[in-house]
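Here's the structure we're looking at; comments come further down.
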Amino acid sequence: METQTKIWLSSPHMGSTEQGYVDEAFRTNWIAPLGPNVTSFEDAIADYLENNVHVAALSSGTAAIHLGLKLMGVGHGDEVLCQSFTFSASANPIFYLGARPIFVDSERDTWNLSPELLEEAIQHRLNAGKKPKAIIAVHLYGMPYKVDKIHALGRKYSIPVLEDSAEALGSSWEGVKCGTFGDIAIFSFNGNKIITTSGGGALVSNNKEYRNKAVFLATQARDNAPHYQHSEIGHNYRMSNVLAGIGRGQMEVLEDRVQARRRNFRYYTEALKDLKNLSFLPEPEGLFSNRWLSCLLTPSFETREKIRMALADENIESRPLWKPMHLQPVFENELHFTDGTSEDLFERGLCLPSGSNLSTSDLDRVVQIIKSTGL
Ligand SMILES: *Cc1c(COP(=O)(O)O)cnc(C)c1O
């Protein structure tokens, strides 16, 4: 039997200029430490996001969350509110700082933080005499969370919001780009994200001091002295000039990548619209998703698994939605405010191949297999 070529969930998609910027780094010996690609990449991100934001290119999105929480003053014994329906990298840095998470469930409209449950969690902690130090809100799969409501709660209770925009470069809320709403926002350029530097991330803020302090902490917290002197604990979290070259080229094709991912989503919804027991997350009014991953909701866990296995048999990668943090063995003892939404989405949901480099015949292969499962 002939095996069909593999279709990946979300694979890197280079444009035509990335290699040139990387070559330039070699030619000029800007292999290390920092260099012109890093500055240009940061400028390209800031120009794209508008709203006078300041950008620090870092080694990963996880590093950006770690530094972001540190800059918000999160430390030993503190509590941080965190969306439960997310990838573990949203929550792990809370533990790096000796703090504890309080997980909060999602709402049906956006699959992101429920404003009601968030407020319930905040009040519960205030009543316990323990004011949370930060809120981590995630634009999951590129769909913006309810920016107005979540940030209004942040202001009402004076709790800073860390905007985890790792999956949402190119998304916007009421015409304003995601990554510009949080006291601090972060992006990821990991290999499977909408654009990639093979591995990398960024911390973004309209507070320039946050940006500069992030760079200071990311480069070993060196004091201004001719010798190596340190008054604070530092990290080695800066992005390399070689990888930033890839990022420079990727920023030039970002709009194309967003359009291609949205085209995938339209293709799936259109081709599967007659299967009435399958559904997709619509874009609520005013929200614009980059559709990083196209996610399908099936009627049951069994149907989801049937589709996933049928695709796997044909060499096609698909993946269940993120397993909520409050269900993860490593976090099972943490406090959480949940109503079953993310558990239900996790059971019934499947991420379909979503790369910007998929062809129409790739998408059609996926559709035909889903149809053939006889739903
Ligand atoms: C990818 C991702 C991260 C972490 O980014 P890395 O660059 O892989 O460290 C954080 N949060 C979410 C929601 C992500 O999807």
Side-chain angles (χ1 to χ4, degrees), residues 8-12 41 45 55-70 80-97 101 103-106 110-113 134-145 150 161-171 178-179 181-182 184-204 214 218 235-240 243-244 246-247 250 257 261 281 289-295 319-326 328 330-331 342 345-346 349 351 354-355:
W8 298 96
L9 189 74
S10 178
S11 69
F41 183 40
I45 298 169
V55 179
L58 301 171
S59 55
S60 71
T62 311
I65 296 172
H66 188 188
L67 293 184
L69 292 177
K70 199 170 187 179
V80 175
L81 295 153
C82 181
Q83 184 163 321
S84 186
F85 195 37
T86 186
F87 175 49
S88 64
S90 302
N92 284 335
I94 299 169
F95 286 84
Y96 304 167
L97 292 161
F103 292 117
V104 179
D105 216 333
S106 289
T110 63
W111 295 1
N112 293 315
L113 265 189
I135 298 167
I136 301 175
V138 187
H139 305 295
L140 210 64
Y141 301 116
M143 182 63 75
Y145 56 78
I150 299 301
V161 178
L162 188 137
E163 181 188 1
D164 182 343
S165 210
E167 303 177 1
L169 183 58
S171 299
C178 290
F181 299 111
I184 291 173
I186 71 97
F187 288 106
S188 166
F189 308 111
N190 192 41
N192 60 359
K193 297 293 176 6
I194 192 152
I195 61 165
T196 182
T197 56
S198 91
L203 180 145
V204 176
H235 304 265
N236 185 2
Y237 276 172
R238 199 72 161 116
M239 180 178 279
S240 100
L243 299 190
I246 306 176
Q250 288 271 275
R257 301 298 182 256
R261 298 237 177 199
L281 179 63
S289 171
N290 66 8
R291 296 294 185 186
W292 171 56
L293 296 183
S294 289
C295 307
R319 193 182 295 157
L321 301 191
W322 296 122
K323 179 172 182 168
M325 292 306 110
H326 69 278
Q328 296 290 351
V330 68
F331 299 138
S342 59
L345 293 171
F346 169 59
C351 304
S354 301

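As the structure lists them, so they are numbered: ligands from 1, and atoms in each ligand from 1.
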With a cut-off of 4.0 Å, which atoms of ligand 1 are near a heavy atom of [X]?
X	result
Asp164	10 (C), 11 (N), 12 (C), 13 (C)
Ser60	7 (O), 9 (O)
Val138	13 (C)
Ser90	11 (N), 13 (C)

- Message: Considering Ala91, Ala166, Gly142 one by one, which has a heavy atom nearer to atom 14 (C) of ligand 1 than any of the others?
- Response: Ala166
- Message: A side-chain contact here means heavy atoms from C-beta on lying under 4.5 Å apart; do Tyr96 and Thr62 qualify?
- Response: yes
Nearest neighbour in protein (non-hydrogen) for [atom]:
atom	result
atom 9 (O) of ligand 1	Thr62 OG1, 2.5 Å
atom 15 (O) of ligand 1	Glu167 OE2, 2.5 Å
atom 1 (C) of ligand 1	Lys193 NZ, 1.6 Å

- Query: Is the gap between the ring centers of Trp322 and Phe87 under 6.0 Å?
  - Reply: yes
Polar proximity ligand 1 side, [X] side, N/O cut 3.5 Å exclusive:
X	result
Ile65	no
Trp322	no
Ser188	yes

- Partners of Tyr141 by side-chain hydrogen bond (donor to acceptor under 3.5 Å, both in side chains), sequence neighbours excluded? none
- Item | For Phe346, all residues meeting ring pair (Phe, Tyr, Trp, His ring centres under 6.0 Å), sequence neighbours excluded | none
Verify the distance criterion only: is there a donor paired with an acceptor across the side chains of [X] and [Y] at less than 3.5 Å?
X	Y	value
Arg261	Ser289	no
Ser106	Asn112	no
His326	Ser84	yes

- Item | Heavy atom of Ala64, distance to ligand 1 below 4.0 Å | no
